[in-house]
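Everything on this sheet refers to the single structure shown next.
Start at 1 and go down the list; that is how both ligands and their atoms are numbered. Model, not experiment: these values are computed from the prediction.
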Amino acid sequence: MNKIGILTSGGDSPGMNAVIRAVTRSGIYYGAEVYGIMNGYEGLIDGDIKQLFESSVADIIHRGGTVLGTSRSERFMTKEGFNQALKVLKDYGINKLIVGGGDGSLRGARELADVGIDVVGVPLSIDNDLGFTDYSIGFFTAVTTVTNAISNIRDTTESHGRANIVEVMGRNCGDIALYSGIAGGAENIIVPEKGHDFKEIVKKAIVGKNRGKRHHIIIMAEGAGDSRKFAKEFEMATGIDTKVTILGYIQRGGSPNVLDRILGSTMGNMAVEHILNHLGGYAVGVKAGKVGIYSIAEALKVEKVFDDNLDEILKIISI
Ligand SMILES: Nc1ncnc2c1ncn2[C@@H]1O[C@H](COP(=O)(O)OP(=O)(O)OP(=O)(O)O)[C@@H](O)[C@H]1O
Ligand SMILES: O=P(O)(O)OC[C@H]1O[C@](O)(CO)[C@@H](O)[C@@H]1O
């Protein structure tokens, strides 16, 4: 009997529950037992594990967060914690493990594969910072949430003739800023991958103001610097009353959109099909619209590349 374990790890992301549901139901469909490991690698170390049945995952596809809980586990990064996790897998007879999470979580999964555990990693993170997949699950829901927030901020900014610096998440990746900047019609984005020309940003705002423009929205990725400091300097240089909005967890929670539900369902199903038929370590991803499976070691070597073309388009069409 194959026993599949599933855990979610790192920052939660919209779509985690769609993956848990797809893994559970696909696993049972293909004749395996499925076990939910609570709170990511922490639950794996502590043996906080429960068997999942078809109805355990009812009514969750539309919910944000993760019904299994998640964590950032320092203990898993220690030799003792890691060995304890291996012992728990052995004690429970869990011979296949599916890990949903971001870059760090999948690196943890690769470590497990390196010592002989069959694993499949599923990219689940709002940051979209994994190079081997065009999109990680949760990213587009977060971008939609940020875009809706920009629309609201734009209304009130326009009414008052102000500027607003909107700080978004993404750790060292500027994709949330880039995609929401395009979709929300922001004047500028500031991302960690690129330097920014402060004088150019100021000039653009002043030219816009002189043309009669009553709003100026700048999306600043959290990894690109201090948004409050930037706002003060921008206000000083332009004379435009400037506010800061830090979106925080608003952009990580919430019901997953259609794309994240579909990616979660198809990737979860593919992870199960693959893990039941192959030994070793793999990761699922999406390239050019197609869901595929890759060696996890190779996948994690692929560098994340910033989309300069999209950045250029933003510059051309935001005046
Ligand atoms: N290099 C590594 N080797 C082994 N385990 C790791 C490694 N990096 C991270 N982990 C484990 O994965 C957990 C989650 O990693 P991290 O906090 O980086 O989040 P993440 O998976 O990148 O998700 P998110 O993108 O949402 O932040 C860590 O707390 C740790 O237990
Ligand atoms: O969950 P925490 O510890 O607040 O972490 C926040 C970080 O997690 C993410 O939301 C997802 O990786 C990042 O964008 C952000 O920097």
Side-chain angles (χ1 to χ4, degrees), residues 6-16 19 37-46 48 64-66 68-86 88 97-115 117 119-133 135-143 145-146 166-180 191-193 219-227 246-254 256 260 264 281 283 285 296-297 299-301 304:
I6 168 147
L7 64 83
T8 48
S9 165
D12 63 353
S13 72
M16 276 189 166
V19 172
I37 299 161
M38 304 304 293
N39 305 320
Y41 292 124
E42 285 288 295
L44 185 55
I45 294 167
D46 293 334
D48 190 359
T66 161
L68 293 179
T70 185
S71 64
R72 302 195 193 271
S73 173
E74 292 293 326
R75 286 194 295 160
F76 186 69
M77 311 273 279
T78 67
K79 203 167 175 236
E80 299 71 39
F82 186 80
N83 286 339
Q84 176 61 20
L86 290 178
V88 168
L97 182 66
I98 294 175
V99 172
D103 181 53
S105 304
L106 298 201
R107 286 184 197 285
R110 188 199 52 200
E111 301 276 321
L112 290 168
D114 285 349
V115 295
I117 308 292
V119 299
V120 175
V122 181
L124 275 155
S125 168
I126 64 164
D127 293 349
N128 210 37
D129 56 355
L130 286 156
F132 75 89
T133 183
Y135 304 113
S136 47
I137 305 165
F139 171 66
F140 273 110
T141 299
V143 168
T145 305
V146 173
V166 183
E167 182 187 304
V168 299
M169 281 183 162
R171 210 181 282 275
N172 298 315
C173 181
D175 275 20
I176 295 178
L178 175 64
Y179 282 69
S180 65
V191 295
E193 292 90 339
I219 314 299
M220 187 159 175
E222 62 179 358
D226 183 336
S227 54
I246 298 174
L247 290 176
Y249 284 165
I250 284 171
Q251 64 206 295
R252 209 164 78 184
D260 286 330
I296 194 164
L300 291 174
K301 282 184 201 154
K304 169 74 187 176

Does one side chain, of S227 or E167, offer a donor that lies under 3.5 Å from an acceptor on the other?
-> yes
Describe, in one word, how the ring planes of F82 and F76 are oriented to each other, choosing from parallel (under 30°), tilted (30 to 60°) and perpendicular (over 60°).
-> tilted
Checking S71 side chain against N39 main chain: does a donor-acceptor pair fall under 3.5 Å?
-> yes
Does ligand 2 have any atom that is closer than 4.0 Å to a heavy atom of R72?
-> yes
Shortest protein contact, atom 15 (C) of ligand 2 (heavy atom only) = E222 OE2, 3.2 Å
Decide, yes or no, whether a salt bridge links D175 with K304 under the criterion of side-chain N to carboxylate O below 4.0 Å.
-> yes
For atom 2 (P) of ligand 2, which protein heavy atom lies nearest, and how many Å away is it?
-> Y249 OH, 3.5 Å
What's the spacing between L112 CG and L44 CG if we round to 0.5 Å?
-> 7.0 Å
Between T78 and E74, is a side-chain contact (heavy atoms from CB on, under 4.5 Å) present by the stated rule, with each step listed?
-> CA-CA 7 Å; T78 67; E74 292 293 326; over 6 Å; no
For ligand 1, would you mind listing the residues that have at least one heavy atom less than 4.0 Å away, ordered by chain and number?
-> S9, G10, G11, Y41, R72, S73, F76, M77, G102, D103, G104, S105, R107, G108, E111, S125, D127, R171
Got the closest protein heavy atom to atom 6 (C) of ligand 2, with its distance?
-> R252 NH1, 3.5 Å
Compute the shortest N/O to N/O distance between S125 and ligand 2 and return yes if it is under 3.5 Å, no if not.
-> no
Can you tell me if G170 has a non-hydrogen atom under 4.0 Å from ligand 2?
-> yes
Do the non-hydrogen side-chain atoms of R75 and D46 ever get within less than 4.5 Å of each other?
-> yes
Looking at atom 12 (O) of ligand 2, what's its closest protein heavy atom, distance included?
-> D127 OD2, 2.7 Å
Has the side chain of S73 got a donor or acceptor atom that lies under 3.5 Å from a matching backbone atom of Y41?
-> no
So, S13 side chain and I137 main chain: donor-acceptor pair closer than 3.5 Å or not?
-> yes
